[in-house]
Structures are given as C-alpha cells and as structure tokens.
Amino acid sequence: MIMIADDCWYAHYFCEQELIVVFQDRTFDMNTNQESWNNAIQYGVSHGIPLDQMDFKPHLQVEVLSMFQ
C-alpha cells in the first residue's frame, strides 16, 4: 500500500536499539546510532523535509520519559 500526498512526510518508531523510519513510499530500518541514519536523512531532505526535522526525536526511552515528566 502506498499513501499519496503532495508533501513528503515520515513517522519513526523505536524499540530498544532498533529505529524504523517510514516515509509515504519507503521504509528504513536503522538503529539508534546516528551514524546509521544517513540514507534516511538524505532521502527525506531530497524530498523536501528540512534537515533540522530529520533528528528522529525521541528515539531513546530516556527522551520519551523526559518529555512526559
């Protein structure tokens, strides 16, 4: 299934050290180590997502906990 939209979007999900980034037409399986993010970042930027929005936060449990304290 492919979602059709004028603008590029993404969602990200994480569990432990696994990070999955889902764009409307592509998925990247990575880990929480930022060195593994290059392909997903390049893809997002090349489809109009600003670089500063490609930080995949939160991507660690400690980040989630601090958001909701």
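Being a predicted model, the structure only gives us computed values, none of them experimental.
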Nearest 0.5 Å please: distance from the OG atom of Ser46 over to the CD1 atom of Ile41.
-> 12.0 Å

Give a yes or no on whether the ring-centroid distance for Phe28 and Phe23 is below 6.0 angstrom.
-> yes

Under 4.5 Å between any side-chain heavy atoms of Gln42 and Val45, yes or no?
-> no

Heavy-atom pair of closest approach, residues Val21 and Tyr10 = CG1-CD1, 3.9 Å

Please check if the side chain of Glu63 supplies one atom and the backbone of Leu60 the other of a donor-acceptor pair under 3.5 Å.
-> yes

Can you check side chain to side chain contact (heavy atoms under 4.5 Å, CB included) on Asp52 and Met54, steps first, answer last?
-> CA-CA 6 Å; Asp52 65 337; Met54 300 297 301; over 6 Å; no

Shortest non-hydrogen contact between Thr32 and Leu19, atoms and distance = N-CB, 4.4 Å

At what distance, to the nearest 0.5 angstrom, does OH of Tyr13 lie from CG of Asp29?
-> 13.0 Å

Distance, nearest 0.5 Å, that separates CE of Met30 from CZ of Phe56 = 4.5 Å

Minimum-distance pair of heavy atoms, taken over all atoms of Cys8 and His47 | CB-O, 3.2 Å

Taking atom CD of Gln61 as the centre, does the number of heavy atoms from other residues, nucleotides or ligands within less than 6.0 Å exceed 12?
-> no

Which pair of heavy atoms, one from Met67 and one from Pro58, lies closest together, and at what distance?
-> SD-CG, 3.7 Å

At their closest point, which heavy atom of His12 faces which heavy atom of Lys57, and how far apart are they?
-> CE1-O, 3.4 Å

In this structure, CD1 of Ile20 is separated from CD of Glu18 (nearest 0.5 Å) by 4.0 Å

What's the spacing between Phe14 CZ and Asn31 CG if we round to 0.5 Å?
-> 13.5 Å

Report yes or no: do Tyr43 and Asn38 form a side-chain donor-acceptor pair below 3.5 Å?
-> no

Treat each ILVMFWY residue as a node, draw an edge where side-chain heavy atoms are under 4.5 Å apart, and state whether Val64 and Val62 are in one component.
-> no

Kindly state whether the ring of His59 and the ring of Trp37 have centres lying under 6.0 angstrom apart.
-> yes

